[in-house]
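These notes concern the structure reproduced below.
As the structure is a prediction and not an experimental result, all values here were calculated from the model.
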Amino acid sequence: MHTTSHSSAKTANMRKVGVRSTAIFLVLLLVFGTCGWFAYAAIVHHQTPTQLITQQGPNTTLTIGSTEALPSLDIQKDTSTALDQVLLNNVYETLLNRDQHNNPVAGIAQSWQQSDDGLQYTFQLHNAMQFASGHTLDADDVVWSLQQVIEHQFIGHEQLRNISEVSAPNKHTVHITLSSPNPELAWALTGRAGIVYDSESHIDYTKQVAGSGPFTIGNFTAGQPITLTYNAQYWGEKAHIGSIVVKPYADAHQAAQDFIAGSLDALIPVDIAQISMLQEQAKKHDFTLQQGTSAAKVVLGFNSSPDSLFSDQLLRTAARQSIDKTALAKTYNGTPLYGPLTTLDPGYEDLSSKFPYDPASARRRMSFFYLSAVKTLVYPDTFGEQIGHTIADQLHQVGFNIDVQMVDTQTWKDRIANNQFDLTLYELPDAHDYDWYIANGNPLHFTDAQSEELYAKAMQATNQQDYAQALSQYAERLSDVSPVDWLYQDSPWIVWHNKVQHLPTAMVSQYLPLRDVNIQE
């Protein structure tokens with residue numbers, strides 16, 4: 001009996017020792033495994049233990065109402081400006097960034113230099129960068145990405161004209177050699193042309209992303225709200241918000257109502273029809289309504305083909321002096337514009353003294369013409385009915401007889417292509433589109449040798465000072481000969497609850513970097 005009891009106790013003790021040993025082994029395995037994981041992540045993915053512990057980021061969500069849904073995630077091929085707004089420098093980063101004045105600043109490259117002849121650019125990259133995948137980001141990825149944009153003609157490839165060679169002498173330096181100067185190159189590298197892609201990721205770009213920005217994207221459904229999620233792998237200063245939901249609205253009034261009710265933290269941009277209501281509500285609520293700026297512009301185009309009366313410069317300038325741009329800009333959310341350069345473009349000068357609103361002067365110019373025929377103003381219905389009749393009424397007051405025809409977009413395109421118009425409306429949404437007016441085959445049939453020479457001079461500039469000066473001369477000449485009447489520079493309104501801090505206000509329809517945005521609870 002004694003022997004049996006002693007044997008049982010011994011067996012029990014052995015079991016306890018075995019359990020304890022197993023537990024210790026498992027704990028040690030966990031500790032060493034975790035250490036190994038940290039070491040692997042630190043060496044391979046350049047992550048610190050703090051980064052790995054805080055994978056989720058801040059426990060905050062920002063919801064932004066927008067006007068355009070993302071049709072896909074394909075930043076390489078899809079032309080929708082919604083992709084620029086949501087993805088640029090949130091999910092995908094560019095070699096250079098742009099500031100709120102539309103000037104190039106440091107991005108993936110912390111600095112850059114340009115040779116005196118304008119043919120050599122040298123970019124010094126930040127250290128220890130990586131993509132959201134954990135893959136290393138270095139000069140080889142920059143070179144590969146630029147080559148992909150050019151070779152596959154991704155959106156923005158034409159802005160990389162004249163590049164003859166791209167090389168990486170080391171992991172932190174990129175050289176770009178041009179065959180002839182391109183003073184717009186630095187700015188071009190702030191947009192789609194300058195995106196640095198993850199060369200090791202093999203994804204479907206229409207449904208997935210592979211960027212290096214402060215946010216990433218999980219599930220995506222075309223046309224639905226999209227969520228930007230905190231990227232714990234981000235190599236630079238981390239985002240201040242855990243997730244950002246961008247929610248598209250087809251109904252602008254509903255968007256404004258949702259904002260007032262508090263289900264939206266910001267609305268970017270605000271539909272002009274909702275401004276008065278929001279201004280009134282701002283007196284009762286804690287939110288800010290502010291007008292920003294953009295490089296987009298709306299112009300009244302003249303048919304300058306040889307068989308058109310608007311081929312005469314005097315008639316075009318008479319039309320320009322007939323239109324009250326100050327009133328138009330106020331009605332349509334803009335800032336009066338008198339030339340091809342906006343306040344966000346290099347070389348901008350106020351050209352309002354060229355052809356100010358002056359119906360009496362317009363009538364004197366009109367006295368040289370006998371205008372019995374009706375002139376047709378054809379424009380797409382995206383502008384709405386009111387603007388066409390407003391312009392026609394102002395032209396009528398000085399002697400023009402205008403037939404207003406608002407049509408669907410495809411019909412408008414066909415009419416312009418077949419030269420079946422006298423006047424038309426265009427929205428030019430892009431910055432640095434200065435050559436649109438003089439390009440071969442331009443839809444207005446406008447030609448002017450001196451304008452072409454001045455533009456060519458600007459594009460041969462080897463430094464930004466000469467470039468801006470030459471652009472200014474080009475803009476003045478173009479305003480003199482008047483291929484269009486520049487009606488207004490789009491200045492969209494945005495609104496946000498005051499708990500939201502550091503929200504961008506410039507170029508927000510196409511460039512909305514959100515890393516620095518914060519919510520003050």
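Remark: the backbone N or O of Asn103 is paired with a side-chain donor or acceptor of Asp99 at under 3.5 angstrom. For the pair Gln110 (side chain) and Leu125 (backbone), a donor-acceptor distance under 3.5 Å is present. A donor-acceptor contact shorter than 3.5 Å links the side chain of Ser145 to the backbone of Asp141. With hydrogens and angles ignored, the 3.5 Å screen pairs a side-chain donor or acceptor of Asp345 with a backbone N or O of Thr342. A donor-acceptor pair under 3.5 Å is absent between the side-chain atoms of Asp84 and the main chain of Leu88, judged by distance alone. Proximity of a side-chain donor or acceptor of Gln114 to a complementary backbone N or O of Thr462 within less than 3.5 Å is detected. Of the possible donor and acceptor atoms, none in the side chain of Asp78 sits under 3.5 Å from a partner among the backbone N and O of Pro71. Put simply, the side chain of Asp258 never gets that close to the backbone of Ser263: no donor and acceptor are under 3.5 Å apart. Ser308 contributes no side-chain N or O that, together with a main-chain N or O of Ser304, makes up a donor-acceptor pair within less than 3.5 Å. At distances below 3.5 Å, at least one donor-acceptor pair connects side-chain atoms of Asn463 with backbone N or O atoms of Asp466.
Looking at Asp74 and Lys207, no side-chain N of the basic residue comes within less than 4.0 Å of a carboxylate O on the acidic one, giving no salt bridge. Taking 4.0 Å as the cut-off between side-chain N and carboxylate O, Lys354 and Glu349 do not count as a salt-bridged pair. Salt bridge Lys297/Asp490: absent, no basic N to carboxylate O contact under 4.0 Å. By the 4.0 Å N-to-carboxylate-O rule, Glu280 lies close enough to Lys283 to be salt-bridged with it. Under a 4.0 Å N-O distance rule, the pair Lys499/Asp286 does not qualify as a salt bridge.
Rounded to the nearest 0.5 Å, atoms CG (Leu62) and CG (Asp265) are 5.0 Å apart. With rounding to the nearest 0.5 angstrom, the CG atom of Leu289 is 11.0 Å from the CD atom of Gln274. Distance CD1/Ile268 to CH2/Trp496: 8.5 Å, rounded to 0.5 Å. Taking CZ from Phe259 and CG from Leu264, the interatomic distance works out to 8.0 Å, rounded to the nearest 0.5 Å. One finds the OH atom of Tyr348 at 7.0 Å from the CD atom of Gln489 (value rounded to the nearest 0.5 Å). Thr216 contributes atom OG1, which lies 10.0 Å from atom CD of Gln208 (distance to the nearest 0.5 angstrom).
Heavy-atom minimum distance, Pro58 versus Ala239: CG-O, 4.1 Å. In this structure, Ala69 and Ser80 approach most closely via the heavy-atom pair O-OG, 4.5 Å. In terms of heavy atoms, Gly339 sits closest to Leu351 at CA-CD1, 4.3 Å. Nearest heavy atoms, Trp235 versus Gly107: CH2-O, 4.1 Å. Smallest separation of non-hydrogen atoms from Val298 and Phe383: CG1-CE2, 3.8 Å.
Note: Tyr332 and Tyr488 have parallel aromatic rings, judged against thresholds of 30 and 60 degrees for the angle between ring planes. The aromatic rings of His285 and Phe287 sit parallel to each other, their planes meeting at less than 30°, with 60° as the upper class boundary.
For Tyr92 and Tyr197, the ring centers sit closer than 6.0 Å to each other. Taking the ring centroids of Tyr426 and Trp412, they lie under the 6.0 Å cut-off.
Shown are Tyr437, Tyr338, Trp436, Phe302; of these, the ring-ring contact (aromatic ring centres under 6.0 Å, His included) with Trp486 is made only by Tyr437.
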Next item on the list: Given side-chain hydrogen bond (donor to acceptor under 3.5 Å, both in side chains), test Tyr249 with Asp271 step by step and report yes or no.
Entry: CA-CA 11 Å; Tyr249 280 84; Asp271 184 85; over 6 Å; no

Item checked: Check against side-chain hydrogen bond (donor to acceptor under 3.5 Å, both in side chains), Arg316 and Ser482 -> CA-CA 6 Å; Arg316 297 196 300 267; Ser482 304; 5.7 Å; no

Next item on the list: Take Gln124 and Ser111 through the side-chain hydrogen bond (donor to acceptor under 3.5 Å, both in side chains) test and state the conclusion after the steps.
Entry: CA-CA 5 Å; Gln124 296 298 327; Ser111 64; over 6 Å; no

Margin query: Under the criterion side-chain hydrogen bond (donor to acceptor under 3.5 Å, both in side chains), I'd like the reasoning laid out for Ser322 against Gln394: C-alpha separation, chi angles, the key distance, then a yes or no.
Written below: CA-CA 6 Å; Ser322 306; Gln394 293 184 355; over 6 Å; no

Item checked: Steps toward side chain to side chain contact (heavy atoms under 4.5 Å, CB included) verdict (Val245, Ile64) -> CA-CA 6 Å; Val245 179; Ile64 298 174; over 6 Å; no

Next item on the list: Starting from the C-alpha separation in whole Å, work towards a yes-or-no answer on side chain to side chain contact (heavy atoms under 4.5 Å, CB included) for Asn97 and Thr190.
Entry: CA-CA 5 Å; Asn97 290 347; Thr190 70; 5.8 Å; no

Item checked: side chain to side chain contact (heavy atoms under 4.5 Å, CB included) assessment of His432 paired with Gln159 -> CA-CA 10 Å; His432 291 236; Gln159 297 173 322; 5.7 Å; no

Next item on the list: Could you walk me through whether Leu425 and Leu300 pass side chain to side chain contact (heavy atoms under 4.5 Å, CB included), step by step?
Entry: CA-CA 5 Å; Leu425 290 174; Leu300 175 67; 4.0 Å; yes

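The shortest side-chain heavy-atom distance between Val517 and Pro504 falls under the 4.5 Å cut-off. Side-chain contact between Pro183 and Gln464 is present, with heavy atoms from C-beta onward closer than 4.5 Å. Within the 4.5 Å cutoff, no side-chain heavy atoms of Ile244 are placed close to those of Asn90. Looking at heavy atoms from C-beta onward, Ile402 lies out of side-chain contact with Thr376 at the 4.5 angstrom threshold. No side-chain heavy atom of Leu478 sits less than 4.5 Å from a side-chain heavy atom of Tyr434. Side-chain atoms of Pro181 and Met459, non-hydrogen and from C-beta on, never get closer than 4.5 Å to each other. For the pair Pro336 and Ser352, the minimum side-chain heavy-atom distance is 4.5 Å or more.
When only modelled atom types and interatomic distance are considered, Ser180 and Gln460 share no side-chain donor-acceptor pair under 3.5 Å. For Asp414 and Thr411, the side-chain atoms include no donor-acceptor pair closer than 3.5 Å. There is a side-chain donor-acceptor pair under 3.5 Å between Glu93 and Tyr234. A donor atom on one side chain and an acceptor atom on the other are found under 3.5 Å apart for Ser491 and Thr335.
Atom CG of Asn498 has more than 12 neighbouring heavy atoms from other residues, nucleotides or ligands inside a 6.0 Å radius. Around CD of Gln465, the count of heavy atoms belonging to other residues, nucleotides or ligands within 6.0 Å does not exceed 12. For Lys413, the NZ atom is loosely surrounded, since the number of other residues' heavy atoms within 6.0 Å does not exceed 12.
Cation-pi geometry between Arg192 and Phe154 is not satisfied (NZ or CZ under 6.0 Å from the ring centre, within 45° of the ring normal).
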